[in-house]
Protein chains: 4
Amino acid sequence: MPAAGAERGKTERYYRQRERVIDVAVELFSKNGYASTGVADIGEAAGLARGALYYYIGSKEALLAEIHDRVMDPLLSEAAAIAELDVSFEVRLRLLSESLLWQIINRHDHVWVFLHEYHQMQGEYRELFRDKRSRFEQHIHVTIAQGRKQGLVHVKDMELTTLAFLNLHNYTYQWLSGRRPLKVEELSQFYCHIFLTGITNAWQQPAGATKELRLGRTRLQAVRKAAGS
Amino acid sequence: MPAAGAERGKTERYYRQRERVIDVAVELFSKNGYASTGVADIGEAAGLARGALYYYIGSKEALLAEIHDRVMDPLLSEAAAIAELDVSFEVRLRLLSESLLWQIINRHDHVWVFLHEYHQMQGEYRELFRDKRSRFEQHIHVTIAQGRKQGLVHVKDMELTTLAFLNLHNYTYQWLSGRRPLKVEELSQFYCHIFLTGITNAWQQPAGATKELRLGRTRLQAVRKAAGS
Amino acid sequence: MPAAGAERGKTERYYRQRERVIDVAVELFSKNGYASTGVADIGEAAGLARGALYYYIGSKEALLAEIHDRVMDPLLSEAAAIAELDVSFEVRLRLLSESLLWQIINRHDHVWVFLHEYHQMQGEYRELFRDKRSRFEQHIHVTIAQGRKQGLVHVKDMELTTLAFLNLHNYTYQWLSGRRPLKVEELSQFYCHIFLTGITNAWQQPAGATKELRLGRTRLQAVRKAAGS
Amino acid sequence: MPAAGAERGKTERYYRQRERVIDVAVELFSKNGYASTGVADIGEAAGLARGALYYYIGSKEALLAEIHDRVMDPLLSEAAAIAELDVSFEVRLRLLSESLLWQIINRHDHVWVFLHEYHQMQGEYRELFRDKRSRFEQHIHVTIAQGRKQGLVHVKDMELTTLAFLNLHNYTYQWLSGRRPLKVEELSQFYCHIFLTGITNAWQQPAGATKELRLGRTRLQAVRKAAGS
DNA sequence: AATGAATGAGGCTTCATTCAT
DNA sequence: TATGAATGAAGCCTCATTCAT
């Protein structure tokens, strides 16, 4: 999706510069937030005057869209490749997990912008990426459904199960920075262990838990009421 | 935490109006985002002139902090109450889960602002809420550690385990709206089932999985390389 | 000049409160400047709500006028008293000097406002105090003229001479605070010694001075030109 | 000291416009006061939109600082040049006087802002100009001290003597406008005559003065007491 | 391919003043 | 006498965007 009015010819140097500008923008957006990053900041960091910037990007929102693409496009093509593999549903899910975590970990700044500033896009852009996201989520949904059809997965609500998988993975972007580097395969194995063990085993309530739980809930209600006054 | 310079007398009506202004702000912030919501918008929605608004709030950032408090304060007092109960670690974790999900579900707009706009706060506010958040997370950490000491929980990295629990719960704010209403206790049971089953059971790799996995990873690498050009 | 609408009756407590409010205002104005001091600040410092404040003062500008009066009125009545004394012109001038410095030193905050914020008054107030100031300056003018008539003072320009006297005294308000306390009589004697010695003695150019001066001026011109480029 | 973020290229036209904006600001500040002059007023007078204005100035306070520099910088470089001349202390003082009065008379509007709105600057700016002012005053101090070392000047308090010199000169800005044009050299000669004659001659109290003075002071006390009620 | 200059709407905040109670 | 609540204009400043060159 090149900048408007830049469709003909402009090869080589143009696209190289363009990518550079986006690189710079990603860094600033992820560090300071989309709203708090001015176009001027981007220009300065890229060593380009405002006019030149607009020659490459078209608008601030287009820049945001471009960053989204950089995350979504690999995610979708990898998911498509995974879908074609002839593997068990567990492995398929683990591969999707690794693909997703690869982006989250190795392109943390892109993902930060992608997951956090999504709402800043409006109109056509918003719809476009709603659809793309939805397509990715379908891959996960379908994979889990596969396991269910095989009688391996025991869950009532498929939607919710898919979302739980995403919860587990996506929120990682929030706390990743500032921690020691994580390896994609290890983190993926950790998440998938929890998730797969959870959805493939039936629920076994420990004895006495129900009573304790009821007690606790009563206590919480009391605290809530006390705070209300 | 009343607005600066508003310490004289001001009872009843003042505090009622104040709460009303915050209510209005929460709604707008959660709908349109903090950065995209102008103080003027809040004033208009509250039926108050710009000047009067500042009589109640002090600053836009103070408003944000106030919203944070509305989420964090109950969370912390409930967590404290839970900590004092004499219950199994599973039940304790489920109660923490229910407490957290109660906020996420019943005060969804507050939580949206709380989880999404956290970074907009700066200086003292930021530190303040970093600490409060950290205190809450400690409750979860401690509870899981309790299970581990009892030999029930089998995980290597306690930090990561705590974060996984938070991932599972917190990201819920992202997709909650637009879905049919969820019951706190059901969602909590679902999340806790997955999480507790996961961390209390050892990992059992299905036969043949390793090979398939390796195959899949090779495929992913290929896709990645192809996209690189 | 009581606040508008406060003319009838309002004795005792009213006037006491009023003076208190002005006291507070003087302190704040002299410390932070007239423009930078809000009516709210005054209210807070006086322990009065905004409404009550306006009951006593009428307007911020009226407050400023009132402070001016507190300086000008004693100055004018003392000058009138001095004018009636049967003393030499030197003594008369020294008494005027002492009267003026008494205000500058003992009511430094009032004088600060009086001399510095004069221009903030507009319309009628401005004219009023232009006249009052002018009346005071006349006393000095007349006194010096007396010495000139007696053949003791040798100056060409009476206006300028009067203004030089005022320069010497008035600018004191700028640097007074932050220095060790000065005694009115000593400072007055110092200023009057310089001034009276100066205007009662003829000018005697030291030998060689003219030439050096011309040299210096040439040097200054060069510096000025160099900076201009 | 160009506006922040304006370091790229910007020659010629930029600096010309910048100077023009400052010129306009000086005029408005000196006429209406710094606090009472809005940035909008400056823009309007300069024929520039608000945004463009900030392209040139950075902030209102930076504008004020710039104006200060326009006065202080020449003052300091001229003083430095004077310090290097091999002339008598009287001539040196007269040259300092002429340098100072040159600014006061020929750049009256700048000096008005410089002397009157100094207190509006805060933080770093304030310190910066406190230091610059202090450096200039040192030149005067040192010069007078030179005369004293030579046994020509008879004063007790060097600080006070320096300040008296500044009083005499600086306050001129207050009444200069609205009078017929003054020549730098004449006014300087007038001031220096008074000042030098004053500090180089011993004090000779006229006979009978002490008694008259005492009488007058008693009278003043009476007036003051009468006003107190 | 790139620039610097300009725009104008909108950002948050403060302020002197009024008025019903 | 005194208050708290409200106003609305004005304050300074930032920003995404455009355009002649």
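Every chain is numbered from 1, with letters handed out A, B, ... down the list of sequences.
Nearest heavy atoms, I42(A) versus A25(A): CD1-CB, 4.2 Å. Heavy atoms only, all atoms of each residue included: W112(B) and E117(B) are closest at CZ3-OE2, 4.0 Å. In terms of heavy atoms, D69(D) sits closest to K132(D) at OD1-NZ, 2.6 Å. Contact record, R126(B) with Y118(B): O-OH, 4.0 Å, taken as the closest heavy-atom pair.
Closest to the side chain of Y54(B), out of dG4(F), dA6(E), dT14(E), is dT14(E). The listed nucleotides are dA16(F), dA6(E), dA2(F); the one nearest the side chain of Y56(D) is dA6(E). Listed candidates were dA6(F), dA6(E), dA2(E). Nearest to the side chain of A52(A) is dA2(E).
The CD1-C1' distance, from I57(C) to dA2(F), rounds to 14 Å in whole Å. As a whole-Å value, the separation of Y14(D) OH from dA6(E) P is 11 Å. Rounded to an integer number of Å, the gap from Y55(B) OH to dT18(E) P is 18 Å.
The closest donor-acceptor contact from the side chain of E61(C) to the backbone of Q122(C) lies under 3.5 Å.
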- prompt: Can you check side-chain contact (heavy atoms from CB on, under 4.5 Å) on E127(B) and R130(B), steps first, answer last?
  reply: CA-CA 5 Å; E127(B) 289 175 44; R130(B) 194 186 355 80; 3.5 Å; yes
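Residues E61(A) and S59(D) each lie close to DNA chain F; by heavy-atom proximity, the contact nearer the 5' end of the strand is made by S59(D).
For the segment residues 35-50 of chain D, residues with any heavy atom less than 4.0 angstrom from an atom of DNA chain F are, sorted by number, T37(D), G38(D), V39(D), R50(D).
Within the structure, side-chain hydrogen bond (donor to acceptor under 3.5 Å, both in side chains) pairs that include any residue of residues 24-50 of chain D do not occur (at least two apart or interchain).
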task: Using a 3.5 Å limit on both pairing distances, list the dot-bracket string of DNA chain E from the 5' end; Watson-Crick and G-U wobble pairs count, crossing pairs take [ ], interstrand pairs take |.
output: .||||||||||||||||||||
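With respect to D23(D) and R70(D), a salt bridge is recorded, a charged nitrogen being found less than 4.0 Å from a carboxylate O.
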